[in-house]
Number of protein chains: 2
Amino acid sequence: MTEKDLPSSSKAQAIAAEVRRRIVDREWRQGDRIPDEAELAVSFGVARATVNKALQLLADEGLLYRKRRAGTHVAVNPARKATLTIPIVREQVEQAGMVYSHRLVAQKTAPLPPEVAARMALAAGSPLIHVRSVHFGDDAPYQFEDRWINPVAAPGVESVDFNRLNPNEWLVRNFPWSRADMNFRAENADATDARMLETRQGTALLVLERTTWNDLGAITSVRLAFRPGYNMVAIP
Amino acid sequence: MTEKDLPSSSKAQAIAAEVRRRIVDREWRQGDRIPDEAELAVSFGVARATVNKALQLLADEGLLYRKRRAGTHVAVNPARKATLTIPIVREQVEQAGMVYSHRLVAQKTAPLPPEVAARMALAAGSPLIHVRSVHFGDDAPYQFEDRWINPVAAPGVESVDFNRLNPNEWLVRNFPWSRADMNFRAENADATDARMLETRQGTALLVLERTTWNDLGAITSVRLAFRPGYNMVAIP
DNA sequence: TCGCAAAATAAGTTTAGACATAGAGTGTTA
DNA sequence: TAACACTCTATGTCTAAACTTATTTTGCGA
């Protein structure tokens with residue numbers, strides 16, 4: 001067993017691909033312990049660090065389970081991971097070949113409602129900037145955005161005109177976050193959603209809710225309702 | 001500018017954290033070019049490989065943009081990524097502290113409908129195994145699974161009794177995939193969804209659709225409809 | 001037989017050094 | 001001035017060697 005052909009770009013990736021193949025082809029079965037890094041390094045004719053990199057990759061994918069001293073095993077129930085890219089709406093729309101536009105529906109300071117306060121770990125009733133806007137692709141509603149922005153963590157919000165630059169981009173450019181939590185679900189469109197997205201009340205909408213933080217606390221909490229039929233793609 | 005305190009486990013992670021901090025605190029601003037690896041290595045008192053690892057990490061996160069010769073820049077519009085873990089349903093239910101059970105609704109060989117055929121790149125009408133089952137948590141419907149399995153890519157399916165082991169686990173254990181595509185959306189429950197998930201027709205449901213492949217072709221294509229109100233969490 | 005400490009081992013991480021390579025910058029020439 | 005080839009540089013990747021650390025195994029003693 002010496003070096004294989006190198007179909008992929010780097011040696012590490014080639015080794016990862018070969019190990020993946022052995023697993024998929026059931027040469028190495030679920031639960032099996034695979035040869036240790038040193039052995040693989042010899043058999044592939046590379047340094048151990050290179051094998052390590054390859055195996056780390058597969059472990060991140062969830063295909064391998066590694067433990068010190070115990071060795072590397074093929075995962076029994078590979079709970080595979082998928083990556084979601086959350087792009088800037090405008091870029092997403094433009095990439096789909098549509099013309100982007102957005103309409104600011106409301107921008108005002110308002111007392112924070114309790115359920116948003118809970119998500120942001122702030123006191124209910126605190127004065128936050130409440131922004132609602134709709135993003136369009138070729139003049140059809142694409143996404144309805146309902147956002148609360150904390151002027152403490154994002155100083156300067158009060159005096160921004162979100163008609164020019166949409167809140168998403170303004171925040172992304174000016175307030176990188178250090179922590180975020182994000183989740184999504186399906187919701188039946190309420191009256192507002194329906195009006196904003198030009199659809200009927202009750203239509204199933206994919207809703208993404210995200211709260212971001214920096215050292216000063218919660219920056220923003222947003223609810224994004226996508227247009228009916230929107231399909232989110234995840235890459236394994 | 002010498003070494004900082006090392007809050008995290010490894011040096012690479014500590015450096016990544018420090019760089020992240022400088023970006024979040026706007027010491028390094030969007031679009032700025034940051035010092036090159038060699039310089040950072042000196043200022044942090046580590047080897048270049050360690051700095052490289054740290055910066056790679058942040059580039060994967062989408063926070064940095066790196067190009068040969070041009071250097072490393074702070075991303076202008078950081079389209080951040082989030083990771084979804086798609087666990088085995090049973091494990092997910094049990095982790096939530098509920099008792100798992102599942103009910104096989106149907107298991108038969110049937111001609112492949114056109115839209116599924118398209119997803120699997122197979123000829124419509126091919127005989128595939130069609131399995132429908134419901135997963136329960138504490139006797140409440142948790143997920144409705146509608147799955148097509150290709151006996152060519154997954155030999156042995158014909159003779160498996162999915163009453164004992166659910167199709168998801170059987171496949172995961174026996175047919176690791178090499179490629180998958182996955183996407184999700186919101187759908188209004190149709191009559192079948194409603195019956196299976198014990199809800200009303202029209203209820204918004206989070207639907208995940210996934211097709212997996214190995215060398216022999218498409219293994220399986222599945223539509224998972226989650227119980228109403230289900231919340232999917234993504235980790236940044 | 002049980003409990004515990006010591007030894008062994010495999011992964012995890014780092015280092016210094018080397019070479020590869022994309023691609024920005026520069027200078028030459030038509 | 002534009003097209004082209006050349007140079008140079010920052011990242012990308014790999015290596016060999018060492019050290020660290022979690023965990024299993026072993027072996028000793030009660």
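Chain letters run A, B, ... following the sequence lines, proteins first and then strands; every chain starts at 1.
- Taking 4.0 angstrom as the limit, Lys11(B) places none of its side-chain polar atoms (N or O) nearer than this to OP1 or OP2 of dG12(C).
- Comparing atom distances between the Lys53(B) side chain and each of dT13(C), dA11(C), dT11(D) picks out dT13(C) as nearest.
- If you check dT14(C), dT11(D), dT20(D) against the side chain of Arg66(B), the one that comes closest is dT11(D).
- Whole-Å rounding puts the Leu57(B) CG to dT11(D) C1' distance at 16 Å.
- Rounded to an integer number of Å, the gap from Arg48(A) CZ to dC19(D) C1' is 11 Å.
- In this entry the distance linking CG of Leu64(B) with P of dA10(D) reads 17 Å, nearest Å.
- Salt-bridge formation is not detected for the pair Glu145(A)/Arg223(A): no Lys NZ or Arg NE/NH1/NH2 atom is positioned less than 4.0 Å from an Asp or Glu carboxylate oxygen.
- Closest approach to the Arg69(A) side chain among dA10(C), dT15(D), dA10(D) is made by dA10(C) (side chain taken as heavy atoms from C-beta onward).
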- Message: Pair Phe184(A), Phe184(B) - check ring pair (Phe, Tyr, Trp, His ring centres under 6.0 Å), show working.
- Response: CA-CA 10 Å; Phe184(A) 36 100; Phe184(B) 35 99; 5.1 Å; yes
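- Each of dT15(D), dT21(D), dT11(D) was ranked by its minimum atom distance to the side chain of Ala49(A); first place goes to dT15(D).
- Checking dG23(C), dT24(D), dT11(D) against the side-chain heavy atoms of Asp36(B) singles out dT11(D) as nearest.
- dT13(D) atom C1' lies 14 Å from atom CG of Asn52(A), rounded to whole Å.
- A donor-acceptor contact shorter than 3.5 Å links the side chain of Asn150(B) to the backbone of Ala218(B).
- A salt bridge does not link Glu18(A) to Lys11(A): none of the charged nitrogens lies less than 4.0 Å from a carboxylate oxygen.
- Nucleic acid contact class of Ala38(A) (heavy atoms, under 4.0 Å, all strands): none.
- Counting non-hydrogen atoms of other residues, nucleotides and ligands closer than 6.0 Å to CG of Asp139(B) gives a total of 12 or fewer.
- Computed from coordinates, the Arg68(B) CZ to dT21(C) P distance equals 8 Å when rounded to whole Å.
- Dashed line: the shortest gap from a side-chain N or O of Thr72(B) to OP1 or OP2 of dT11(D) is under 4.0 Å.
- When the side-chain nitrogen and oxygen atoms of Gln56(B) are compared with OP1 and OP2 of dT11(D), none of them lie within a distance under 4.0 Å.
- The nearest whole Å value for the distance from the CG atom in Asp60(A) to the P atom in dA11(C) is 15 Å.
- Between the NZ atom of Lys67(A) and the C1' atom of dT21(D) there is a distance of 14 Å, given to the nearest Å.
- Rounded to an integer number of Å, the gap from Tyr65(B) OH to dA10(D) C1' is 14 Å.
- Here Thr50(B) does not reach the OP1 or OP2 of dT13(C): none of its side-chain N or O atoms lies under 4.0 Å away.
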